[in-house]
Every structure is written in C-alpha cells, then in structure tokens.
Amino acid sequence: MFKSLIAKVRQVMYKMGLIKGVQKLSEKRDIPVNDEMYDRIDMWKAIYAGYLKDWHDTSYMTVNGKKQRKRASMRMAKVASQKMATLIFNEKCEINISDETLEKTIKEVLKANKFNREFRRYLEYGFALGGMVMKAYYEDNQIKISYTTADCFIPLAWDNFRITEGVFVSTFRKGEKRYTHLEWHIWEESNYIVRNELYESKNDNEIGVKVSLDVHFDGLEEEIIFHSIEKTIFVYFKPNIANNFDTNSPMGISIFANALDTLKSLDIAFDSFQREFALGKKRIIVPQSAIKTVVDPGTGAVTRYFDADDEVYEAMNLGAGIDAEKVHDISVELRVAEHISAINALLNVLAMQIGFNAGTFTFDGVGVKTATEVVSENSETFRTKQDHETNVEAAIQELVDAIVEIADAFSVFSRPAEYEVTVAFDDSIAEDQSAEIAKQIQLVTNGLNSKVRAIMKIHGLTEKEAEDLLKVIKEEQKTITAGNVDLFGGE
C-alpha cells in the first residue's frame, strides 16, 4: 500500500516542481488529485501576493519602440481574503465544550499555541488559496498545533466528510543544498501511521535522493504507528464554496476563484488611474530658440528665457510662421472622477462575486475602504459569513478531536467518553441582533421552539450548557417570586 502511495505522491510532486520526467497527473487514472488544481492554487497565490506575470507584465509603444513595465495592482484579493477572515473569526469568538474539564484543558492548549492569532492568519490564507491544514502533534512534552497552506499539502484519501489521508510537503535550503521533507499521514487497517522522509538535492527542480532524517531533524522517527488513535490528527479547512473547477476534488477553491476577470479589470483600471497623473502632468511647449543661451554683450552673463532643467517645458522646432515663437500649454484635464467611478463599479461587481454587499469596498482616490458593519442579518454579507462559519466550526471541532487523540496517545490525559464542541461566533456586527432574540422569544411563546434551543441559539452554547443556564434562570425566578409573596404577606 505504501509503495503505491509513494508513486501517487511522486506524480503530484512533479506538478509542484519537485520531480521531472513524469507525465501529467490527468494521464494517470488512479491519481485522486487533479494536477490542474495545483496550477490554480499557484495562480491564486500569485494574485493574492499582488503579482501574476500574465496580468502585471505589460508592454507599450513609444516613439523609440516597444517598452516593458509592471502594471500596478490594487491587491484586492488580499483585501477580500483579510476582510472575510476578520469578519468570521476574532477575539470575541468562544469555543465551548460540554465537558468542563476538557474545555479548560483545550483552552489552555489553544492559548499556549496562540491559536486565536495563528488561526485567524491561516484562515485568511485558506480563503485566498482555497484551503489550509491544521495538525496536532506532541513535542517537548507539549501538545502543539502547526499550520500548512493548501499548496503544501497533498490529499490521498477522503470520505463524504473530510480528508482522511495526506502528505505534508515542506522545502527548505541549508547552504547550497535544497531539502524536501515529506510527512505521510495514512491509515493501514486500524492503525494510524505517520512516516517521515527527507530528500536532498542541489537542484531546485529535483527532489534529489533520500537521506537520513538526522541531517536536519534530530531525533525525528521515520515511522510512528498509533494503535489507539481513532480519528485523523490533521484538519483540512476549505471555504464553503462548491468547487466548480473539479467537482470530484476534495480540495476547496479560493473565495475569488470566480472573480479573476474582475480582479484583472480592477488592476487595469487602477494602473490607468495612477498613470493618469504621470502621463497627464503639466507640459508647456516652447520654441527651441527660447532655450538657447544668450550672452549679454555688456556684462558677458549667460541667460536663458526658460529653465532647461524644468521638466514642465518641452522644446520643439515649431518651424516658421506667426506661431513659431509662441509658447503653447498642452496640459490635459485629468480624468480622476471617471477613474474613481469605474473602479467603484468594479468593486461592487467583485463584492457580489465573493458574497459581500454592494458597497462593501469603496475607492475614494486615496485608497480602498471597507464597510465596518454588516447592516442586517438578511444582508448578503451576513449570509456569506454564516455559510463559511459552518466550515470554520467544523474545522475547530475536528481540531479539538485531533488534540484529544494526541493527548490520549501520549498519555497527557484520557479521552472523554462523550463531549460536544460548539463555537459562538461574534455576531455583534449585525445591527439587528436584537431581532434574533425577539424571534426566539416568539417561537418559545408559541410553542414552536424549546427554551433550551432558544438559549443555545442566542448565547451560542452547547445543549448541556443551555440546560444548566436554564436551571439557574428558573432558580433565580423562584427566589424572586418567593420574595414578592413574602413581601405582600403570602405563603
């Protein structure tokens, strides 16, 4: 089984630039990952970074011939990905676990790993590249969490719910040599196996030869077999968007994957806006005779009618005639308003394609501004936010499971029999949050929802936590009622 997996990964790594001399993945029917997906991820990554050769390297004609230049970029892919990540996950989000002891322990592990900061950062990468991976592991007597972007992970097997097997690929340089580390996570029968391989090469385009792990990883084992692990200890997160490029792939797509034409148009419009000032600067044409030096016969002083070093003036031979000695101002009117209007129109199209409200992004001629609030729970932005929260919550739930598996495997603490994980997201950005409370009260009053379910919805609690809170509320109400009766002399 492992040999067949090696063959599969070698095919994928060829497309990732690690191995030469192998045909395209699409020609191998047994390869579960479409190689074109990695081409797209590379493209999304370049656009997210603000430079894609096919977009931003452009040519133009001058009187001296063809010239090359780099087109300016608005980097809206970065802005949109950051906006989405910040909208969904921030410091106000709370992770609740039905088992109080486990909740306390998990929160300590997350805090030690600076989870809030790192998860938010990699969530942005996940939205930009179509996915990211979190992995729980044990090192230096501590449970740790590592993160990997979609371009450095190869899925090998999956079911209807999640990716169950995969390979983490990392490359680094040490002196003149390039190293590639492969970390396999696979299931063999009921055992969970982690295998490590290290390859060394002097050529960046080749994976090279397999070398000992001790060359770089002191003490890292080649193979670790877990007999007690029940669930995969890595989590693959992807945006809650259907993959319309490869419907059979378990991999996700970037939130701007279907807005590339708009992003390119934005960069073209923004580049034109910048060049409007460079090309439309003030110019005055003066006759060549006006910039010649004139010597005063009396003093011998050398003077010019115009400053030859001033870039405003362009000297030209205007020929003969009545206008030959005139000065001509050929400055043009800048099309600032037209450019701003065009860019804002494109920003509204981009917002629609990504799932934001129109007006989420605005350009004022100085920079891009983003809306600070979601106006209503019925808004497009809020619905998109909730869609992605479904996958984010599932990823955090699976991460908690992974931490529990690692803790049990290394005897940090025992696996609880049962527990439920929920995430309370920050919905304070919605102005009509009170409408949700009113709706839940109405549902309970009309017998269409239970008080426990209403409390779970309003406060983002687990069922057990909601039941405990309801008991506290009832006890407080009894105390208040008893106090009122005694006050008026009742029993």
Side-chain angles (χ1 to χ4, degrees), residues 1-9 11-12 25-26 28-38 40-41 122-123 126-127 129-137 145-169 182-195 224-254 257 387-406 408-409 415-416 418-423:
M1 177 179 178
F2 188 59
K3 289 183 178 179
S4 64
L5 289 175
I6 283 283
K8 292 177 182 179
V9 173
Q11 305 287 337
V12 178
L25 286 176
S26 55
K28 301 290 183 181
R29 294 183 181 179
D30 60 336
I31 301 301
V33 178
N34 191 327
D35 60 322
E36 279 79 10
M37 281 303 300
Y38 285 97
R40 293 189 178 95
I41 291 174
Y122 275 86
L123 190 61
F127 282 130
L129 306 186
M132 66 94 171
V133 190
M134 297 181 289
K135 178 183 64 179
Y137 65 102
I145 303 170
S146 66
Y147 303 82
T148 304
T149 51
D151 57 327
C152 296
F153 176 78
I154 306 168
L156 296 175
W158 55 89
D159 54 29
N160 292 331
F161 306 103
R162 61 179 297 177
I163 295 174
T164 56
E165 295 182 351
V167 182
F168 293 84
V169 181
L182 303 182
E183 182 177 311
W184 303 70
H185 287 246
I186 59 175
W187 290 93
E188 290 187 358
E189 297 179 352
S190 60
N191 296 324
Y192 190 86
I193 300 176
V194 177
R195 290 191 175 101
I224 305 174
I225 301 176
F226 296 96
H227 301 287
S228 61
I229 282 184
E230 299 176 358
K231 299 178 181 179
T232 303
I233 59 174
F234 66 82
V235 181
Y236 183 89
F237 164 81
K238 60 183 178 181
N240 198 1
I241 307 172
N243 186 339
N244 58 312
F245 299 103
D246 184 357
T247 56
N248 295 317
S249 174
M251 304 176 74
I253 63 173
S254 169
D387 284 344
H388 290 309
E389 283 175 355
T390 301
N391 282 15
V392 171
E393 182 174 40
I396 292 176
Q397 290 169 340
E398 291 174 12
L399 178 63
V400 172
D401 291 341
I403 293 172
V404 170
E405 295 292 343
I406 287 293
D408 183 71
R415 181 189 292 110
E418 291 183 2
Y419 60 90
E420 181 184 1
V421 181
T422 59
V423 181

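Starting from 1, each residue takes its place in the sequence as its number.
- For the atom pair Thr164 OG1 and Leu156 CG, the distance stands at 8.5 Å (nearest 0.5 Å).
- When the salt bridge (Lys or Arg N to Asp or Glu O under 4.0 Å) test is applied to Glu230, the partners found at least two apart in sequence or on another chain are Arg415.
- Residues satisfying the side chain to side chain donor-acceptor pair (under 3.5 Å) criterion with Tyr192, sequence neighbours excluded, are His185.
- Here the side chains of Val392 and Leu123 are in contact, with some heavy-atom distance below 4.5 Å.
- Side-chain atoms of Ile186 and Arg195, non-hydrogen and from C-beta on, do get closer than 4.5 Å to each other.
- When each of Val194, Val133, Leu182 is checked for a side-chain contact (heavy atoms from CB on, under 4.5 Å) with Phe168, only Val133 meets the rule.
- Side-chain contact between Ile241 and Phe127 is absent, with no heavy atoms from C-beta onward closer than 4.5 Å.
- Taking every heavy atom of both residues into account, Trp187 and Lys231 meet most closely at CZ2-C, 3.8 Å.
- Residues that satisfy the side chain to side chain donor-acceptor pair (under 3.5 Å) test with Tyr419, not counting sequence neighbours, are Asp401.
- Legend: residues meeting side-chain contact (heavy atoms from CB on, under 4.5 Å) with Ala257, ordered by chain and number and at least two apart, are Trp44, Phe245, Ile253, Ser254.
- Here Glu398 pairs with Arg162 under the salt bridge (Lys or Arg N to Asp or Glu O under 4.0 Å) rule; sequence neighbours left out.
- Looking at every heavy atom in both residues, Asn191 comes nearest to His227 through OD1-ND1, 3.1 Å.
- Nearest heavy-atom pair across Met251 and Ile41 is CE-CD1, 3.5 Å.
- With hydrogens and angles disregarded, a donor-acceptor distance shorter than 3.5 Å links the side chain of Glu393 to the backbone of Val423.
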Less than 3.5 Å apart, which donor and acceptor atoms pair up between the side chains of residues 233-240 and the rest of the protein, not counting sequence neighbours?
unit_1: Tyr236; atom_1: OH; unit_2: Gly252; atom_2: N; d: 3.4
unit_1: Lys238; atom_1: NZ; unit_2: Pro250; atom_2: O; d: 2.9
unit_1: Asn240; atom_1: ND2; unit_2: Asp387; atom_2: O; d: 2.8

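- Considering every non-hydrogen atom in both Ser249 and Asn243, the closest pair reads CB-ND2, 3.9 Å.
- The closest side-chain heavy-atom distance from Ser228 to Phe226 is not below 4.5 Å.
- With values rounded to the nearest 0.5 angstrom, Thr149 atom OG1 is found 6.5 Å from Tyr122 atom OH.
- Ile163 and Ala157 get closest at one heavy-atom pair: CG2-O, 3.5 Å.
- Annotation: the span from Lys135 atom NZ to Ile145 atom CD1 amounts to 12.0 Å, rounded to 0.5 Å.
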